[in-house]
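Taking it in order: structure first as structure tokens, then the write-up.
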Amino acid sequence: MTDIVDPAIEAYAESHTTAPPDLLEAVASETRSTLKAPGMMVGRIEGRFLELLVFGTGAVSILEIGTFSGYSALAMAAGLVPGGSIVTCEIDPVHAEIARRHIAASPYADRIDVMVGPALGTIASLPGPFDLVFMDADKSGYLAYYEAVLAKLSPRGLIVADNTLWSGRILDPTDTSADTQALRAFNDKVATDPRVVAVVTTVRDGVTMIRRAG
Ligand SMILES: C[S@@+](CC[C@H](N)C(=O)[O-])C[C@H]1O[C@@H](n2cnc3c(N)ncnc32)[C@H](O)[C@@H]1O
């Protein structure tokens, strides 16, 4: 991943962010040694960012789109209020198996449910409302996920979309790949959608936060 933040600043921010607990180190270690693209994990800074967002908003019902090996779901679980829960969607059974094993070994087994299958189908099967939705699956699906979850967002709910600056490729006119085009279309839609208020932050690879307007 190309850095969008000065690497020295990113390293300083990381070293001054509370270290991950052992259970997240175990997820990260297994992911790095067994899975392709371990960089898909949100990691230390964004993991703590999500945990504090969950803690600060008091979100009770959380939906995650894109589990991978469970790092972000477990990071968010650490900020959950008692009685809160996370449903996380994953299409790849190998990823889901790793995530489920680490979740089962964590103190959050009763709060995280991994649902295997295409996320759009899973979302359609869930009534909501969701207090926080973390969107981090296939980039070509972002616009459809956005429409599907906006309809099920609680009145003070937040959608949090990852990778929206796409290692800076979002600005590269020579990059016309499907994922980059999909992220541009998503960012353009959100920025001009009168139904929402949004901010694009430069946390890690770009994290966009969205709430309903009004
Ligand atoms: C960027 S990774 C998620 C990383 C995870 N949030 C973390 O921080 O560890 C994206 C995940 O979405 C999954 N995925 C891709 N397309 C999907 C779909 N249509 N429905 C559900 N999951 C999907 C991939 O298999 C992959 O595990």
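Counting starts at 1 for both ligands and their atoms, following the listed order. The analysis underlying the following values was restricted to heavy atoms, covering all of them including side chains, and did not include hydrogens, waters or symmetry mates.
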Could you find the nearest protein heavy atom to atom 19 (N) of ligand 1 and give me its residue, atom name and distance? Y145 OH, 3.2 Å
Taking only non-hydrogen atoms of G117, do any sit less than 4.0 angstrom from ligand 1? yes
Just jot down the ligand 1 atoms closer than 4.0 angstrom to any heavy atom of Y71, in number order. 9 (O)
Any salt bridge linking R48 with E51? Criterion: basic side-chain nitrogen under 4.0 Å from a carboxylate oxygen. yes
Taking K152 for the side chain and L150 for the main chain, is one N or O donor matched with an acceptor at less than 3.5 Å? no
Looking at CZ of R44 and OG1 of T17, how far apart are the two atoms once the value is rounded to the nearest 0.5 Å? 6.5 Å
For P118, state whether at least one heavy atom is located under 4.0 Å from any atom of ligand 1. yes
Quick note on ligand 1: atoms under 4.0 Å from a heavy atom of M40 include exactly 1 (C), 2 (S), 4 (C), 7 (C), 8 (O)
At what distance is the nearest protein heavy atom to atom 24 (C) of ligand 1, and which residue and atom is it? E90 OE2, 3.4 Å
Below the 3.5 angstrom mark, is there an N/O of D92, backbone or side chain, next to an N/O of ligand 1? no
So, is F134 polar-close to ligand 1, with some N/O to N/O distance under 3.5 Å? no
Indicate yes or no: does an N/O atom of H95 lie under 3.5 Å from an N/O atom of ligand 1? yes
Tested for side-chain contact (heavy atoms from CB on, under 4.5 Å) against R211, the lone hit among I159, V196, V199, L158 is L158
How far is atom 21 (C) of ligand 1 from its nearest protein heavy atom, and which residue and atom name does that atom have? I91 N, 3.4 Å
Among all protein heavy atoms, pick out the one at the shortest distance from atom 7 (C) of ligand 1; state its residue, atom name and that distance to 0.1 Å. S72 OG, 3.2 Å
Nearest neighbour in protein (non-hydrogen) for atom 20 (N) of ligand 1: A119 N, 2.9 Å
S72 side chain to E64 side chain, donor-acceptor N/O pair below 3.5 angstrom: yes
Looking only at N/O atoms, are G70 and ligand 1 under 3.5 Å apart anywhere? no
Numbering as shown, the atoms of ligand 1 that approach M41 to under 4.0 Å (heavy-atom distance): 7 (C), 8 (O), 9 (O)
Less than 4.0 angstrom from a charged side-chain N to a carboxylate O is my criterion; do D162 and R204 meet it? yes
among protein heavy atoms, the one nearest atom 15 (C) of ligand 1 is D138 N, 3.8 Å
Please report which non-hydrogen protein atom sits nearest to atom 10 (C) of ligand 1, along with the residue it belongs to and the distance in Å to one decimal place. D136 O, 3.1 Å
Taking S29 for its side chain and E25 for its backbone only, find out whether a donor-acceptor pair lies under 3.5 Å. no
Heavy-atom distances under 4.0 Å are what count here, so tell me which part of L120 touches ligand 1: side chain, backbone, both or neither. neither
At a 4.0 Å threshold, what atoms of ligand 1 neighbour a non-hydrogen atom of V42? 7 (C), 8 (O)
Ion pair present between R101 and E30, side-chain N to carboxylate O less than 4.0 angstrom? yes
Would D172 and T174 count as having a side-chain donor-acceptor pair, cut-off 3.5 Å? yes
